[in-house]
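Take a look at the structure set out below.
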Amino acid sequence: MYQIAAFPYRVDWPIDGSKSLVTTGEQFEGMLRHLQANQVRIFDHETTGLQWFKDDYSCGLGLGVFDSTSPSGVRSWYVPYRHQTGEGQLDIETIRDPMRRLFAEPDAVWIAHNFKFDEHMNRREGWHIGGRRYCTQMAARLYDENKPVALKKRAYLDLGHYWASEWEKRLDEEVNRLAKARKMKKTDYMATYGYCEVAIDLCGFYCCYDVDFTGQLFSLYERWGLSSHFPRVWNNEMQLIHTLCDMEEYGCLIDVDYVQYLKAETGKVIDRLSGMIEPMFRGSTFNPGSDADLRSFLYEHLMIPATTRTKKNQPSVEADVLAAFAHLHPAIPLIMEWREADKIRTTWTDSILKKLDHNGVLHGSLQNEGTTSGRLSSSSPNLQNFANENDDRAVRLTGRHIEDGGHDPWSIRRAFIARKRPDGVVIPRVILDYEQIELKALAYYTKDPIMTDAFLKGEDIHQRTQVEVGAILGGGPAPRRLAKITAFGLSYCMSAKGLSRQAKIPEDEAERFMEAFFGRYSSISNYREAFWAKVRFEGCQFANMFGRPRRVPGLTSDDNKIRKSSERQSFGALIQGTAAQLTKESLVRIHKWLRETGYPAVLVSTVHDEIWIDCDPSCLTVVVPKVKQLMEDYPEFAPIPITASADYIDTNWAEKKKLPL
DNA sequence: GCGACAAGCTTG
DNA sequence: GTACGAGCTTGTCGCT
């Protein structure tokens with residue numbers, strides 16, 4: 001069935017007959033017959049790289065079905081069509097139509113590990129999924145969220161294949177050889193060629209094993225009953241793959257000139273500061289970006305006694321510490337400024353410029369299996385930690401607060417701009433934001449009477465806290481800042497020490513505030529204790545109100561540190577995971593509604609409790625109220641009302657405006 | 001030259 | 001003596 005490639009690579013491992021390469025029309029027809037006879041199918045692309053939105057494409061497709069006559073229970077094939085090795089392979093055009101029909105079948109179930117990536121690659125070939133999706137990476141996350149979800153890791157951990165990464169090692173060696181032959185660094189080589197120069201023999205059997213593992217993982221998880229144990233979460237996650245795929249494909253338009261300007265500006269500042277810092281360290285090399293250099297300067301040269309230490313018990317050199325010592329040496333404030341500018345240039349401007357497509361559109365990535373708690377994670381770039389407008393910097397560099405018409409001249413959010421229609425009309429981006437969603441989840445679980453009352457009356461929750469806590473402490477309403485920080489810290493069980501550190505107030509003051517807080521909101525502390533006791537009793541596992549599971553084995557550890565950390569983790573997962581589920585379900589609802597109605601509006605992205613939609617001005621008054629209604633329709637939270645507010649941008653992300661409706 | 005790790009930064 | 005998630009970047013260190 002398979003032919004050994006003569007050059008440049010020859011597979012010398014015994015391959016059982018269940019895995020084969022498809023390089024002739026006859027073999028392809030044979031494979032098609034198997035696929036058509038089985039509605040449950042596995043697929044996996046091998047590609048030239050990860051940038052599906054730019055220059056990377058699929059160079060071959062792995063396929064599989066379940067077959068009891070094969071030793072592993074899976075029969076798999078590899079169809080190469082864009083390898084650049086000079087070996088015989090199929091022409092993509094001859095298989096495009098049959099594959100398109102196969103993927104479009106409405107009754108099929110398609111299985112893939114990290115389905116979203118393969119769906120992006122599919123779309124480049126015009127292959128759309130007509131049936132149901134099954135992502136084994138998501139299944140792996142739900143089967144045991146404390147293990148890594150990478151395919152080969154799970155083939156080892158869940159299936160017991162201790163040799164699972166052997167093929168990957170061989171592929172890796174071959175890539176090293178090819179990179180060397182082209183005199184390129186491995187990372188550069190991979191970004192340019194991926195696996196397209198790897199011999200079909202090696203790449204093909206590697207891919208067949210991936211398909212094989214994926215099929216075996218599916219069998220294991222479904223024998224266990226995974227998709228039926230968590231039906232609501234599972235169905236939503238699988239539909240979310242389609243939603244996220246569309247969102248990532250649409251992307252965010254970037255003001256490239258502005259990013260380049262910002263890069264140049266911060267670069268100038270860095271050069272100027274370097275020129276000032278360098279002479280202060282005559283005779284020795286000093287890199288302001290090096291923690292080691294800074295550590296020896298502060299603690300060995302200046303002999304400052306260490307106040308804060310890192311995890312590994314090293315004296316800390318973080319920004320707070322530098323600020324505290326700023327008066328001790330003229331270099332310290334300069335180093336602080338250097339680090340601020342360096343952070344912006346390297347982390348924000350450079351990373352955006354590297355990841356644009358040919359039209360100045362940024363296609364980030366959202367992972368629905370990224371976290372143990374059920375939140376989405378975001379990468380390339382991470383939209384969830386994009387720096388806010390910095391008011392201190394606005395004052396320092398423009399002389400005015402943002403509120404008073406000043407602006408942060410180093411704002412990176414300014415780079416995210418609204419799109420325009422072909423006729424030049426601006427398409428507003430509506431940003432819908434869940435109001436106090438984590439506190440509402442908390443109020444739902446704890447049934448706290450004060451919080452519930454405040455939410456029912458539509459009160460400002462922090463103002464209510466100011467009054468309630470103030471009543472105990474005396475002397476009028478308590479500071480709003482403390483009320484906000486404490487509320488924020490509730491989902492991860494912040495202590496008085498944490499409050500004092502974050503609010504920069506003395507510890508005894510923080511302790512008094514916290515004591516008064518939990519005096520009024522006693523149902524929260526009571527609920528937490530009862531929750532942990534119940535979870536311990538039930539084997540250190542629980543599910544949130546939507547059925548999403550979380551295992552926290554450390555909850556019964558003898559080690560105080562581990563146990564406390566597990567307590568915080570479990571409570572955080574309960575609250576944050578519940579809030580996250582709302583956003584994820586709403587995304588699917590909105591996506592479905594927009595597709596059904598065909599309004600000119602597009603889901604763009606999401607950041608925790610925010611959903612972004614580019615909405616043509618002609619349908620704003622229809623789409624926004626409907627989307628708001630879809631986001632708020634969660635009767636299971638009764639009596640607590642779920643509400644969303646709407647802002648919009650018609651210029652850039654830094655200039656968010658209230659949407660009058 | 002590469003991978004792994006530590007530390008630091010920014011967010012909700 | 002402390003904090004929850006997450007992602008990304010630089011510098012450092014050991015290995016080849």
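Below, chain A is the first sequence line, B the second, and so on; all start at residue 1. The figures here come from the full heavy-atom set of this structure, side chains too, leaving out hydrogens, waters and symmetry mates.
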Rounding to an integer number of angstrom, what distance separates dG1(C) and dC9(B) when you compare their C1' atoms? 23 Å
Is it true that the side chains of Arg154(A) and Tyr143(A) contain a donor and an acceptor less than 3.5 Å apart? no
Aromatic plane relationship, His120(A) with Trp52(A) - under 30° parallel, 30 to 60° tilted, over 60° perpendicular: parallel
Report the nucleotide, chosen from dG7(C), dG8(B), dA3(C), that has the shortest atom-to-atom distance to any side-chain atom of Lys497(A). dA3(C)
Salt-bridge contact Glu265(A)-Arg345(A) (side-chain N to carboxylate O under 4.0 Å): no
Please state whether the phosphate of dC4(C), meaning OP1 or OP2, lies under 4.0 angstrom from any side-chain nitrogen or oxygen of Ser373(A). no
Euclidean distance, atom CG of residue Asp320(A) to atom P of dC9(B) [Å, nearest integer]: 8 Å
Find the distance Ile344(A):CD1 to dC8(C):P and express it as a whole number of Å. 18 Å
Counting just side-chain N and O atoms, does Ser316(A) come under 4.0 Å of either OP1 or OP2 of dG8(B)? yes
If you compare every side-chain N and O of Lys186(A) against the phosphate oxygens of dG3(B) (OP1, OP2), does one of them come in below 4.0 Å? yes
According to a strict under-4.0 Å criterion, is Thr372(A) in side-chain N/O contact with OP1 or OP2 of dA6(C)? yes
Expressed as a whole number of angstroms, how long is the span from Asn368(A):CG to dG7(C):P? 13 Å
If a pair satisfies salt bridge (Lys or Arg N to Asp or Glu O under 4.0 Å) and one of its residues is in residues 569-588 of chain A, list it, with sequence neighbours excluded. Arg232(A)-Glu585(A), Glu237(A)-Lys584(A)
Asn560(A) CG to dA3(C) C1': how many Å, rounded? 14 Å
Tell me if the centroids of the rings in Phe546(A) and Phe230(A) come within less than 6.0 Å of each other. no
Using a cut-off of under 3.5 Å, enumerate the N/O to N/O pairs linking the protein to nucleotides 10-12 of chain B.
{"unit_1": "dT10(B)", "atom_1": "O2", "unit_2": "Asn385(A)", "atom_2": "ND2", "d": "2.8"}
{"unit_1": "dT11(B)", "atom_1": "OP1", "unit_2": "Asn388(A)", "atom_2": "N", "d": "2.3"}
{"unit_1": "dT11(B)", "atom_1": "O5'", "unit_2": "Phe386(A)", "atom_2": "O", "d": "3.4"}
{"unit_1": "dG12(B)", "atom_1": "O3'", "unit_2": "Asp609(A)", "atom_2": "OD1", "d": "3.4"}
{"unit_1": "dG12(B)", "atom_1": "N2", "unit_2": "Gln576(A)", "atom_2": "NE2", "d": "3.3"}

SB check Glu515(A) Arg512(A) (cutoff 4.0 Å): no
Remember a base hit wins even if backbone is also touched, and classify Asp350(A) as base, sugar-phosphate or nothing at under 4.0 Å, heavy atoms. nothing
Nearest-angstrom distance from the residue atom CG of Leu366(A) to C1' of dA6(C): 13 Å
Nucleotide pairing, DNA chain B (Watson-Crick or G-U, distances under 3.5 Å), in dot-bracket with [ ] and |: ||||||||||.|
Answer with base, sugar-phosphate or nothing: what part of the nucleic acid does Gly498(A) contact at a heavy-atom distance below 4.0 Å? base
Once you apply a heavy-atom cut-off of 4.0 Å, does Ser491(A) come out as touching a base, just sugar-phosphate, or nothing? nothing
What's the closest nucleotide to the side chain of Ser565(A) if the choices are dC4(C), dC9(B), dT12(C)? dC4(C)
Between C1' on dC4(C) and CZ on Arg550(A), what's the gap in Å once rounded to a whole number? 11 Å
Thinking salt bridges, do Glu438(A) and Arg375(A) make one under a 4.0 Å N-O criterion? yes
Geometric class of the Tyr527(A)/Phe531(A) ring pair [parallel <30°, tilted 30-60°, perpendicular >60°]: parallel
Side chains of Ser411(A) and Glu389(A): any donor to acceptor distance under 3.5 Å? yes
Using a strict 4.0 Å threshold on nitrogen-to-oxygen distance, state whether Asp350(A) and Lys355(A) make a salt bridge. no
Closest to side chain of Lys185(A), choosing from dC4(C), dG1(B), dG8(B): dG1(B)
At under 4.0 Å, does any side-chain N or O of Ser290(A) touch on OP1 or OP2 of dG11(C)? no
In this structure, how many angstroms lie between the P atom of dT2(C) and the CZ atom of Arg563(A), rounded? 19 Å
In whole angstrom, give the distance that lies between atom CG of Leu383(A) and atom P of dC8(C). 10 Å
